[in-house]
**Student:** 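Take a look at the following structure, please.
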Amino acid sequence: MNKIYNPKPETWSSILERPTKTVDDIEATVKEIFKEVQKKGDVAVAKYTSLFDGASIEKLEVSKAEIEAAIASISSELKEAIQLAKSNIKKFHSAQKTERVAVETIEGVNCWQEKRPIQKIGLYIPGGTAPLFSTVLMLAVPAEIAGCNEIVLCSPPDKNGNINPAILYAANLCGVTKILKVGGIQAIAGMTFGTETIPKVYKIFGPGNQFVTVAKQLATQFGVAIDMPAGPSELLIVADDTAVPAFVASDLLSQAEHGADSQVILVSTSKKIIDAVENEIQIQMDLLPRKAIAEKAIANSKLIFVDNDTIALELINEYGPEHFIICSEFDDFYSNGVHNAGSVFIGNYTPESAGDYASGTNHTLPTNGYAKNYSGVNLDSFTKAMTFQKITKKGIQNIGKAIEIMAEAEGLQAHKNAVTLRLKAIENGK
Ligand SMILES: NC(=O)c1ccc[n+]([C@@H]2O[C@H](COP(=O)([O-])OP(=O)(O)OC[C@H]3O[C@@H](n4cnc5c(N)ncnc54)[C@H](O)[C@@H]3O)[C@@H](O)[C@H]2O)c1
Ligand SMILES: N[C@H](CO)Cc1c[nH]c[nH+]1
Ligand SMILES: [Zn+2]
């Protein structure tokens with residue numbers, strides 16, 4: 001890991017640069033695959049599934065028999081763990097429901113806002129190097145609460161053409177309506193244009209590698225909404241002498257093991273903690289089954305010493321991490337002062353893994369600095385806010401003159417007439 005002491009603010013952006021490929025590196029491939037899927041549908045999907053996943057798929061859609069076999073293969077221990085996580089995710093996301101907002105802005109002018117579910121949605125569940133069935137819970141549970149009625153799920157098949165049984169189990173448990181064996185760019189293209197087998201959706205959700213993330217961004221150019229760019233995982237920890245080095249190292253490794261392009265950063269006001277964490281990382285990393293992956297991410301990662309908490313907070317807000325862990329005596333200072341982070345974890349007993357699986361918060365979060373302008377997935381991600389209004393005769397009299405004057409000033413006579421005709425009708429006793 002690179003240790004950096006008191007970096008100057010003008011060097012922060014280069015020090016904190018993400019190790020991910022840039023959009024430009026990937027865009028040409030994404031565009032080519034989109035074009036082909038749009039033109040050739042399932043044939044193109046099959047071609048790219050064979051190329052990138054090494055699988056030859058006869059039937060893209062997962063059958064009932066495959067789902068039943070998956071349910072039977074899951075241990076009762078895992079089923080119980082999934083149930084506990086689902087229950088907490090459901091509790092936290094149900095509490096995010098907002099009431100209908102209704103206001104009489106002026107006598108006779110009634111305005112209100114109501115939420116409506118997005119009817120057709122697509123969920124992308126990563127499966128390249130680890131089958132992230134926990135992501136099914138994070139997306140399908142709030143989708144069900146919101147009332148989305150068509151929930152399509154895409155996940156890459158393994159070489160034998162199968163999706164991991166835990167993904168199928170969780171999808172079935174959470175009301176997914178169609179499961180398709182397709183991943184990567186070809187899955188996002190399929191849900192964008194629709195193919196013979198993959199339904200076209202209105203909004204695509206879910207994390208993925210850089211190929212998936214760039215594909216989701218391209219999908220928006222074809223009229224499909226996306227949740228946000230949720231790419232390779234990131235974690236920034238701020239720790240002082242009250243932190244436990246072994247805990248801090250375990251958290252950093254938990255996100256490093258996602259992928260070689262994950263980024264983990266420690267910011268500290270204590271040189272002692274930096275050295276102790278560095279030592280612990282080496283000890284713990286050697287024992288990990290995914291050591292080869294974690295090692296690459298750790299090689300890119302940074303241990304940064306700063307003189308005080310004010311500088312640390314500025315640097316953290318400049319970076320905008322997906323996950324932010326606070327292990328500091330001054331946790332209120334950091335939690336009140338952080339503006340740019342996807343999800344915040346406070347205290348020595350709040351590992352990031354809790355949010356990944358079971359505490360109840362959502363783990364689909366903005367990466368690559370997008371925490372500066374995007375929220376993570378939440379209940380509102382699955383709804384649209386629609387406004388309504390009903391105006392009485394008294395109401396149009398109250399606002400009519402203002403509308404006429406404003407329409408006239410914009411040079412829009414027809415707008416003005418729509419009010420004038422009504423005001424005259426009221427004057428004439430109609
Ligand atoms: N931000 C979040 O909320 C969040 C949550 C969970 C996971 N993640 C991230 O999701 C990612 C999952 O990545 P993954 O790779 O394991 O699974 P994935 O399902 O995202 O990607 C696998 C697919 O990528 C495609 N692909 C691979 N190499 C390619 C190439 N050279 N050209 C074109 N397409 C190619 C293949 O089609 C393959 O099916 C990780 O980076 C992890 O950190 C992020
Ligand atoms: N940490 C990931 C989000 O960046 C989510 C996840 C799923 N499973 C384990 N972790
Ligand atoms: Zn994780």
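For the single chain, residues carry numbers from 1 onward in sequence order. Treat the numbers as computed from the prediction; the structure is a model and nothing was measured. Numbering of ligands and ligand atoms starts at 1, following listing order.
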**Student:** Please work out whether the ring planes of Phe305 and Tyr5 are parallel, tilted or perpendicular, with thresholds of 30° and 60°.
**Tutor:** tilted

**Student:** I need the atoms of ligand 2 closer than 4.0 Å to a non-hydrogen atom of Glu322, numbered in the order shown.
**Tutor:** 3 (C), 4 (O)

**Student:** Can you check whether Phe133 and Tyr169 have ring centres sitting under 6.0 Å from each other?
**Tutor:** no

**Student:** Would Gly184 count as a contact residue for ligand 1, given that I'm defining contact as a non-hydrogen atom of the residue lying under 4.0 Å from a ligand atom?
**Tutor:** yes

**Student:** With respect to Thr135, determine whether any N or O atom, backbone or side chain, lies less than 3.5 Å from an N or O atom of ligand 1.
**Tutor:** no

**Student:** Among all the protein's non-hydrogen atoms, which is closest to atom 9 (C) of ligand 2, and how far away is it?
**Tutor:** Tyr357 OH, 3.3 Å

**Student:** Does an N or O from Thr29, backbone or side chain, lie closer than 3.5 Å to an N or O of ligand 1?
**Tutor:** no

**Student:** Looking at Ala230, which atoms of ligand 1 are within less than 4.0 Å of one of its heavy atoms?
**Tutor:** 1 (N), 2 (C), 3 (O)

**Student:** Check step by step if side chain to side chain contact (heavy atoms under 4.5 Å, CB included) holds for Gln83 and Leu173.
**Tutor:** CA-CA 9 Å; Gln83 199 50 255; Leu173 184 72; 4.0 Å; yes

**Student:** Less than 3.5 Å apart, any donor N or O on the side chain of Asp227 or Ser381 sitting next to an acceptor on the other?
**Tutor:** no

**Student:** Under 4.0 Å from a heavy atom of Leu132: give me the atoms of ligand 1 that qualify, with their elements.
**Tutor:** 6 (C), 7 (C)

**Student:** Just to check, does Gln186 reach to within less than 4.0 Å of ligand 1 when the distance is taken from its heavy atoms?
**Tutor:** yes

**Student:** Return yes or no for this condition: an N or O of Ser262 is under 3.5 Å from an N or O of ligand 1.
**Tutor:** no

**Student:** On the 0 to 90° scale, with breaks at 30° and 60°, tag the Tyr374-Tyr370 ring pair as parallel, tilted or perpendicular.
**Tutor:** perpendicular

**Student:** Can you see which heavy atom on Ile273 is nearest to which on Pro245, and at what distance?
**Tutor:** CD1-CG, 4.0 Å

**Student:** Tell me whether Asp356 has at least one N, O or S atom under 2.8 Å from the Zn ion (ligand 3).
**Tutor:** yes

**Student:** Do Pro321 and Ile316 make a side-chain contact, defined as non-hydrogen atoms from C-beta onward lying under 4.5 Å apart?
**Tutor:** yes

**Student:** Please report whether ligand 1 has a polar contact with Leu365, defined as an N or O pair separated by less than 3.5 Å (distance criterion only).
**Tutor:** yes

**Student:** Within the 4.0 Å heavy-atom shell around Thr367, which atoms of ligand 1 are there?
**Tutor:** 1 (N)

**Student:** Of the options Leu379, Asn362, Ile145, which is the one that meets Gln96 in a side chain to side chain contact (heavy atoms under 4.5 Å, CB included)?
**Tutor:** Leu379

**Student:** Flag Phe211 as yes when one of its N or O atoms lies below 3.5 Å from any N or O atom of ligand 1, and as no otherwise.
**Tutor:** no

**Student:** Between Asp240 and Thr269, does any side-chain donor sit less than 3.5 Å from a side-chain acceptor?
**Tutor:** no

**Student:** Check each atom of ligand 1 against the heavy atoms of Pro156 and keep those under 4.0 Å away; list them by number with element.
**Tutor:** 19 (O), 39 (O)

**Student:** Over 60° means perpendicular and under 30° means parallel, so tell me whether Phe222 and Phe193 are parallel, tilted or perpendicular.
**Tutor:** perpendicular

**Student:** For ligand 1, which part of Val212 has a heavy atom less than 4.0 Å away: the side chain, the backbone, both, or neither?
**Tutor:** side chain

**Student:** Please determine, by modelled atom types, if Arg18 and Thr367 share a side-chain donor-acceptor pair under 3.5 angstrom.
**Tutor:** no

**Student:** I'd like to check which ligand 2 atoms, numbered from 1 as shown, lie under 4.0 Å from a non-hydrogen atom of Glu352.
**Tutor:** 1 (N)

**Student:** For the atom pair OH (Tyr319) and CD (Gln263), what is the distance rounded to the nearest 0.5 Å?
**Tutor:** 3.5 Å

**Student:** Salt bridge (charged side-chain N to carboxylate O under 4.0 Å, His left out) between Glu66 and Lys59: does it pass, once the steps are laid out?
**Tutor:** CA-CA 12 Å; Glu66 284 173 293; Lys59 282 194 87 187; over 6 Å; no

**Student:** Which of the numbered atoms in ligand 1 are under 4.0 angstrom from any heavy atom belonging to Tyr124?
**Tutor:** 18 (P), 19 (O), 20 (O), 21 (O)

**Student:** Check whether any N or O atom of Pro207, backbone or side chain, sits under 3.5 Å from an N or O atom of ligand 1, and answer yes or no.
**Tutor:** no

**Student:** Does the residue Glu234 have a heavy-atom contact with ligand 2, meaning some pair of atoms that are separated by less than 4.0 Å?
**Tutor:** no

**Student:** For ligand 1, which atoms have a heavy atom of Asp53 less than 4.0 angstrom away?
**Tutor:** 36 (C), 37 (O), 38 (C), 39 (O)

**Student:** Can you name the atoms of ligand 1, numbered from 1 with element, that are less than 4.0 Å from a heavy atom of His258?
**Tutor:** 43 (O)

**Student:** Backbone or side chain, does His258 get an N/O/S atom under 2.8 Å to the Zn ion (ligand 3)?
**Tutor:** yes

**Student:** Where the closest heavy atom to atom 12 (C) of ligand 1 is concerned, which of Ser343, Ala256, Ser134, Pro126 has it?
**Tutor:** Pro126

**Student:** Taking atom CD of Gln255 and atom CD1 of Ile237, what is their separation to the nearest 0.5 Å?
**Tutor:** 9.0 Å

**Student:** If you measure every N/O of Asp356 against every N/O of ligand 2, is any gap under 3.5 Å?
**Tutor:** yes

**Student:** If we set the cut-off at 4.0 Å for heavy atoms, which region of Glu322 has an atom near ligand 1: side chain, backbone, both, or neither?
**Tutor:** side chain

**Student:** Decide yes or no for Thr242 and Cys327: does some side-chain heavy atom of the first lie under 4.5 Å from some side-chain heavy atom of the second?
**Tutor:** no

**Student:** Under a 4.0 angstrom heavy-atom cut-off, which atoms of ligand 2 come close to Ser134?
**Tutor:** 7 (C), 8 (N)

**Student:** With heavy-atom distances below 4.0 Å as the criterion, list the atoms of ligand 1 near Thr364.
**Tutor:** 3 (O)

**Student:** What atoms in ligand 2 come closer than 4.0 Å to a heavy atom of His258?
**Tutor:** 1 (N), 2 (C), 6 (C), 9 (C), 10 (N)

**Student:** Start with the C-alpha distance between Thr350 and Ile325, add both sets of side-chain angles, then the distance that settles side chain to side chain contact (heavy atoms under 4.5 Å, CB included), and finish with yes or no.
**Tutor:** CA-CA 8 Å; Thr350 316; Ile325 297 185; over 6 Å; no

